[in-house]
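Heavy-atom basis, side chains included; hydrogens, waters and symmetry copies ignored. A quick note: this is a predicted structure, and the numbers were derived from the prediction, not measured.
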Amino acid sequence: MLFAILLHLWTTAKRAYLRRRPRTALQRRRCGIVVVVLAVVAAVVSWITPVVPLLKSIFERAGIHCDEDKAINFIDELCHNYSRHYVVGSLCPALCSPATVPAADPIRRLTFKRCLSHGNKVVIGLTMTKRHRRSGVGGTGELEVGESVVLKASHYSGEGYRQIIDGPLGGISLKEAFDLFQDELVHSAKPYSMSSQSTLQFLQDYNLLPRNASLTYRPSAAELHSMWSLVEQAEFKQLVLLQETRGVPTLLGSCGHAYVVSSRPTPSTFNLVRSPHVPWQDRVRLALGFIALERRLSSSQYGALHMCDVQEGNFGIEPPSCRDDIRKRHMGVGLDRFHMDEAFMHGSVQRGRQDQDPECRTEFNVAAIDIDMSFFGGRMKEILGEPRCDSDEECDFFDCKAYCDKWRRKCVDTRANSNVQAICKNIFIGFPRIKGLLWNSPLHIRQELQAALLECADYATTPNPERIVKRIESILRAELRHD
């Protein structure tokens with residue numbers, strides 16, 4: 001094919017040459033350049049054409065390509081199962097039949113917005129329409145406001161969960177199902193436990209069980225399937241246990257094996273981490289938000305949550321509180337919160353009080369929005385202590401580092417670095433060709449701050465990084481005071 005294209009180009013160029021033969025050396029040189037360029041273009045096109053379908057197939061199989069038809073079909077199948085009473089959940093009516101949503105429920109409907117998946121798990125952007133009461137000079141009434149949320153699930157199909165329900169769990173009492181659910185929920189957080197009342201309240205709040213269910217109540221197959229398909233998903237369990245920390249998205253409800261959480265744009269959405277053009281003050285506020293998040297996740301009532309995949313795409317951000325006030329003043333009815341945040345970050349919304357009010361000089365609110373690769377202490381020990389090894393590198397689990405006991409040729413089950421050290425390395429410092437959030441700092445603090453960041457990231461020589469983190473925080477807060 002390539003030979004045929006080149007032959008055709010040469011023949012065409014030769015005919016043109018004979019029809020209008022260049023008279024000067026410059027014209028002949030230009031003609032030769034045109035022929036070479038055309039030949040190169042033809043060679044590139046002939047190579048790319050058969051490769052494009054192959055690349056598309058590879059991307060789809062690897063989950064890199066986000067298939068909107070597949071996402072819409074997932075919602076349709078979920079709603080089909082809901083209509084046949086195969087699944088239950090507090091958000092099934094809003095997602096599948098908005099006309100049946102109870103009048104007292106503020107969430108009126110959920111509609112497809114875009115596919116967000118970048119892997120085999122389900123991540124779908126929805127628009128959640130909520131009812132808000134208003135009162136003022138113009139009178140009282142109700143408004144419907146659209147807000148971006150995210151529908152998530154570990155798998156596109158719920159069949160992997162159903163076989164468990166159809167087996168040994170068929171026909172069990174509520175007390176038995178409740179005990180199994182509670183054991184599975186807190187397994188990842190052992191040796192900590194969740195109170196029975198909290199678990200029961202959770203199941204009833206999300207319409208997974210009736211409000212009046214007694215211990216003799218026998219859950220239906222739909223209730224059992226929905227409960228177990230949720231509790232078998234690691235990220236869902238982490239979200240339930242961490243709701244009080246404000247370090248993860250708000251869990252809004254579920255339908256079958258899918259659950260809905262609040263949406264927050266990532267730093268990479270605004271290019272906050274990598275771009276040198278982002279104002280230094282915004283980078284400082286974002287860095288302080290990462291430090292605050294790490295402290296919240298390290299001090300939850302179930303112990304520290306170990307983050308093993310630290311990259312900016314796994315975190316969501318919101319502006320400081322004063323910026324929320326500004327956003328509300330400029331927000332029109334039904335305006336998407338995501339785009340309002342984006343407009344603010346790109347300067348199209350006036351900053352108003354930011355330059356005058358000292359309370360505005362606070363950090364961004366950062367949350368961990370993808371915690372599939374995050375674990376509590378008990379589960380972390382199981383993962384790290386499992387492999388056999390000859391070197392320390394063989395014991396690393398992504399960003400969670402561990403040492404190898406070379407005498408026993410077994411990995412030590414204690415994590416060698418901490419969350420904040422992974423943040424210092426991957427977010428604040430960055431990589432050789434891609435600088436991080438704080439690396440290109442102003443000249444007057446660059447040497448001091450870079451030295452502190454390098455010490456923070458070096459877990460081999462800094463086993464307890466709290467002192468150096470306080471030093472970094474002190475440098476950053478001084479920058480805000482001097483702004």
Just wondering, are more than 12 heavy atoms of other shown residues or ligands nearer than 6.0 Å to CZ in Arg446? yes
Look up atom CG in Leu438 and atom CD1 in Ile429, then write down how far apart they are to the nearest 0.5 Å. 9.0 Å
Between Lys406 and Asp392 (salt bridge meaning N to carboxylate O under 4.0 Å), is one present in this structure? yes
Output the distance between atom CD1 (Ile369) and atom CG (Asn314), rounded to the nearest 0.5 Å. 7.0 Å
Check whether any side-chain N or O of Gln233 sits under 3.5 Å from a backbone N or O of Ser154 as a donor-acceptor pair, and report yes or no. yes
Examine distances only and state if a side-chain atom of Arg283 and a backbone atom of Leu437 form a donor-acceptor pair shorter than 3.5 Å. yes
Under the disulfide (SG to SG under 2.5 Å) criterion, do Cys424 and Cys456 qualify, and how do the steps go? CA-CA 6 Å; Cys424 280; Cys456 171; 2.1 Å; yes
Taking Asp370 as the fixed residue, which of Met307, Glu235, Gln311 is the one that meets the side-chain contact (heavy atoms from CB on, under 4.5 Å) rule? Glu235
Enter the distance from Gln421:CD to Cys400:SG here, rounded to the nearest 0.5 Å. 11.5 Å
Distance-minimising heavy-atom pair for Val260 and Leu151: CG2-CD1, 3.6 Å
By side chain to side chain contact (heavy atoms under 4.5 Å, CB included) - contacts of Cys79 (at least two apart): Ile75, Leu95, Cys96
Let's go through Val248 and Leu305 carefully: what are the C-alpha distance in whole Å and the side-chain angles of both, what is the deciding distance for side-chain contact (heavy atoms from CB on, under 4.5 Å) to 0.1 Å, and is it a yes or a no? CA-CA 11 Å; Val248 295; Leu305 183 75; 5.6 Å; no
Kindly compute the distance separating OG (Ser254) from CG (Asn207), expressed to the nearest 0.5 Å. 8.0 Å
Using a strict threshold of under 4.0 Å (side-chain N to carboxylate O), is an ion pair present between Arg379 and Glu382? yes
Pairwise ring-ring contact (aromatic ring centres under 6.0 Å, His included) hits with a residue in residues 280-311, at least two apart: Phe290-Phe315
Under 3.5 Å, is there a donor-acceptor pair linking the side chains of Tyr156 and Glu77? no
With a 2.5 Å cut-off on the SG atoms, do Cys395 and Cys404 make it? no
Test item: Phe375 and Leu384 side chains (from C-beta on) under 4.5 Å apart, heavy atoms: no
Determine, for Arg388 against Asp405, whether the closest basic-nitrogen to carboxylate-oxygen distance falls under 4.0 angstrom. no
State whether the side chain of Asn426 and the backbone N or O of Val310 hold a donor-acceptor pair below 3.5 Å, judged by distance alone. yes
Hey, does the side chain of Thr245 reach the backbone of Arg296 with a donor-acceptor pair shorter than 3.5 angstrom? no
Is the terminal nitrogen or CZ of Lys401 (NZ for Lys, CZ for Arg) located under 6.0 angstrom from the six-membered ring centre of Tyr459 and within 45° of that ring's axis? no
